[in-house]
Structure formats: C-alpha cells, structure tokens
There are 2 protein chains.
Amino acid sequence: MTTPKIPADTSADVRERARAIPEAAVARLAVYLRVLSGMAEQGVTTISSEELAGAAGVNSAKLRKDLSYVGSYGTRGVGYDVEVLVSHIERILGLTRKHSVAVVGIGNLGHALANYGGFPSRGFPVAALFDIDPDLTGVPVGGIPVHHIDDITSVCAEREVSIGVIATPPQAAQAVCDRLVSAGVQCILNFAPVVLQVPDYVEVRKVDLAVEMQILSFHVARRADQAAGDVVNGVGVDGVVIRP
Amino acid sequence: MTTPKIPADTSADVRERARAIPEAAVARLAVYLRVLSGMAEQGVTTISSEELAGAAGVNSAKLRKDLSYVGSYGTRGVGYDVEVLVSHIERILGLTRKHSVAVVGIGNLGHALANYGGFPSRGFPVAALFDIDPDLTGVPVGGIPVHHIDDITSVCAEREVSIGVIATPPQAAQAVCDRLVSAGVQCILNFAPVVLQVPDYVEVRKVDLAVEMQILSFHVARRADQAAGDVVNGVGVDGVVIRP
DNA sequence: ACGTGTGAAAATATTCACAGCC
DNA sequence: GGCTGTGAATATTTTCACACGT
C-alpha cells in the first residue's frame, strides 16, 4: 500500500525524474544552459558532449550523465541539437514559469542586485525592494521604488514573489527571513553571513563571501604546506614554487 | 623511495591532514568558525557538538566528523573549548596568513565589494582595485584608489595579492583572469557568469547569481510537480499546499 | 565510424552506533 | 551520565567502458 508496485510511467514521469536529479547536477545544468544559450546566439546548432563539456569545465562523462537526468535528447554519432537541449533544460529547471524576486536590504549590495541586468533577462523579474530605513521608502532604485520592510507581507503576496533575496546586515537577516517565510516565500537566497533557521519546506541557498575567501585561503595554505613538505622530503621543487 | 614508509607524524602532520579534508568539509569549517567567533564574543567558553551543529545547521555526526579532520580537541563528556577550536580551525584554513585581495571591475558589484566590511575584518585586506575605464583611475572607492587594469601585473606583484576577485562584465572576465594569472595570482573568486579556463595550479571559486536563482527555480518546479503528482495519486493533500 | 546513453565499478561523502574517556 | 572520536555501514556522486542507434 505504501509501496504500490512500480508506478507505471505516467505523466508523473517528469516529476519522478526531477526528484532524482542530484543537487550538484542541477547546478551544472544551469551552467550548461548558459553555455548553450551563448552557442545558440553564435549560430551553433549542434554540439557534442565533448565540446560542451570543455566549454563548461567538466568532463564529458559527467556531462552526459547530467544530461541523461533531463532525458535522452541527443543523436548517437552526432551530438545534441542546441535548441532542443536548451528548451529541455529550461523545462527541468522550471524556467518556463516566471519567478518574481524581492530584494530586502538596499545597501551597497542591494543596489547592485537591483541594478543587475542578469535577473530580469533570465526570467527573474525584480518585483519589489525593501529596506528598514524610512528615508529610502519610495526612492526608486534601478527603476523600482523601495518599500518599507513592514509592508513585506502584503507586497509579496500581491506581487506573487516566489524568491526572496536577503542583502541585509547579519543582525537583521533572521528576522527578515522569518517575515519572508510568513509572507509565503518558500525560496530564499541569503547574502548575509548568518545561518538561517527555516522550516523544512523552505529552500535556502547562501552566498557567503567570507566562506568563499576562506576556502581559497585554505587552498593557499595547503599549497604552501605541500611545497614545504615536498622540499623537506626532497621531492624536487625548484625554489619557492610559484609556477609549476 | 617515493614511498618512504610511514612519515612518522612530524610537522608534515598538519599538511597530511589538510590534504585529506574534503572540500565540502572545508566550506562547513568556515561556517563553524563564524558561529564559534560569535559564541566567543557572547562569552561562551564551551560548546557541545549538538549545540554547535544546531547553530550551524548541520547534524552533530557530520560536525564531529568535520572537526575530526582538524584534530581531536574536544573533551569527552564535556564538549569543545570555543577558543581552542577557533584557533585550530583558523590554522587549518590558513587564516594565520594575511591574504591581500584585488578587486577587478568597479561597477555596482565592485563598489559593493570594495565597501564590504567583512573582508578586512577577517584577514582579507582589499589591497587594490582595478577598472578599464580611465575616468575611474585614481578615484578612491571605499578609501582605495582605482588603478587602470593595465597596471595589474605590477601592482599585484608589489602588493603581494594572493586572491583576485573578478567583478567585470562577462565579456571581459576571461581576459582579466588571464592577466591575474600571469601576474602570479593563484586564487580567483569569479562573479562573472562565465566558466573561466585556467591552468591546473590556479584555484577558482565562482559565485553565480543566475545559477543560484535557477537552482531555486528548480526546487519551486519540483515542489509544484510533486504537489500535482500527489493530488493525482490522491496522497491526501489539502488543497494547493502552500504550507504543509 | 562516431558519439550518445547507461549499467556497473570506483571513489566520496554522510550517517550510524558505540567504545572510550571525562 | 554525557559527549567525543571514529571505524563500519550506507548513501551519493563520479568515472569507466562499451553496447547501441544513426
């Protein structure tokens, strides 16, 4: 009963497939999509897994596996039709829907985001801006007037915001997040250096500059340690090793 | 000779360990570090894996495994000393070194980055800014004068820049990257929506807003499809399922 | 021939569960 | 009693390699 035999490939077929796509593969699909769009603009109509993989910075086996999650839309012995692949990836990524975005926190970063051309052009219109500073209320940023943060609930509901972007100082982030969630926003992109606590049904992605820098720092350190170690072990390193 | 028995836990001990830490664990360590720093500021001196895990948004088994990559610095039955843990994580992440940062591309995002307080305070001083626009040359942004992009090589060498941040339009990103690399920069944080091609010894991290949005979009779509599927299968869903 | 699509193998990462120590 | 540290078990992701369609 809880295991009703094999569900017999119905329309829920796409859904089943979508559920199974690993998160890492989803991220890569978005990259492939961008590369493919660029190709299409340049008039390329067909591409092989090898070429696409090279342009996307992955190996071709991984690329083919990733594409297989989307479906089998290549032609053996030939490659993939760029247009076809673009439309199937867009479908899987849900880009046939429109996803209105609200940006909360109109500081330096918020300004940059509000003015960022990459969002609207790709189906993510910035539908609303919010800030706690009353002096900003009504001021247009990137052509969109800023609302006071107290209006989040009504404005988000009215404009059907599906993605909330948090660009506030860290102290404010959790409170803003709570408000977005209670306004019905289920996807959040968080730029504040804070771990947000949210209900299970809310999806959070974070962009954490400090963390990125520290990961790079780790690699610098690892490399330095390795060079030092190699020198100690006499594994032939010419001097200070700046360019192997 | 190339395998000189077990290296007998010498100073290369930290190096060995560092090499083995999975990338995902490194990213989490940076998060733990921030949480721990916050704890320390609030006067917390000791913390259990359960508490720290909760604050960092992971489960405690994973946290303990991650910390075990750093070393065994906890006390059984008690927990971890916050200060001790902070200093060990900092060491592993290479934060005892100073890492000078150069930001290339002083548009909206570049401005935001130049003014971002999170970098300097965490050991990542912004040592130089670059832009291709001659009108910007010499203009101070966030207190730092902008250099022309043609001076990348000399300025980066002089100021020992170890991390380059690319905040240019996509068309310029690869060229800027090449220049940074030839200036000896081995770590790059890329905000441009382009897959950079670099030599093996260069470490690239990317922050791609469009990709983040599309991942969120995927989850919106998956959820919608799932809800639809559940309704079809009659798996008891009350209406349109906005808040389970 | 050529290049996709995919099972099976290998490599990684996560979670479990409990011995060991305070 | 309580909590860490870690091998062993499990799950996930990546890579291999080759059958198959065009």
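All values below were derived from every heavy atom in this structure, side-chain atoms included, with hydrogens, water molecules and symmetry-related copies excluded. Within every chain, numbering begins at 1; the chains are lettered A, B, ... in the order of the sequence lines, protein sequences first and strands thereafter.
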Write down the distance between [atom1] ([X]) and [atom2] ([N]), rounded to a whole number of angstrom.
{"X": "B:Asn59", "N": "D:dT10", "atom1": "CG", "atom2": "P", "answer": "17 Å"}
{"X": "B:Glu23", "N": "C:dT14", "atom1": "CD", "atom2": "C1'", "answer": "17 Å"}
{"X": "A:Leu52", "N": "C:dG3", "atom1": "CG", "atom2": "C1'", "answer": "13 Å"}
{"X": "B:Tyr69", "N": "C:dT15", "atom1": "OH", "atom2": "C1'", "answer": "12 Å"}
{"X": "A:Tyr73", "N": "C:dG5", "atom1": "OH", "atom2": "C1'", "answer": "13 Å"}
{"X": "A:Glu50", "N": "D:dT15", "atom1": "CD", "atom2": "C1'", "answer": "14 Å"}
{"X": "B:Leu67", "N": "C:dT15", "atom1": "CG", "atom2": "C1'", "answer": "16 Å"}
{"X": "B:Glu51", "N": "D:dC3", "atom1": "CD", "atom2": "P", "answer": "8 Å"}

Tell me if a side-chain donor or acceptor on A:His99 pairs with a main-chain N or O of A:Gly94 at a distance below 3.5 Å. yes

Within the distance-only criterion (no hydrogens, no angle test), does the side chain of B:Thr96 pair as donor or acceptor with the backbone N or O of B:Arg91 below 3.5 angstrom? no

Determine the minimum heavy-atom distance between A:Arg34 and B:Pro193, stating which atoms define it. NE-O, 3.0 Å

Minimum-distance pair of heavy atoms, taken over all atoms of A:Leu180 and A:Gly164: CD1-CA, 4.2 Å

Under 3.5 Å, N/O pairs linking protein and nucleotides 6-8 of chain D:
none

Answer whether the closest heavy-atom distance between the side chains of B:Tyr80 and B:Arg64 falls below 4.5 Å. yes

Rounded distance [0.5 Å steps], CG in A:Leu95 versus NZ in A:Lys98: 14.0 Å

Is there a side-chain polar atom (N or O) of B:Ser49 under 4.0 Å from OP1 or OP2 of D:dT4? yes

For D:dC3 and B:Ser48 - does any side-chain N or O of the residue sit under 4.0 Å from the phosphate oxygens OP1/OP2? no

Residue met sooner reading DNA chain D from 5', once A:Ala24 and B:Val78 are mapped to nucleotides: B:Val78

B:Arg122 and B:Ser37: side chain donor to acceptor below 3.5 Å: yes

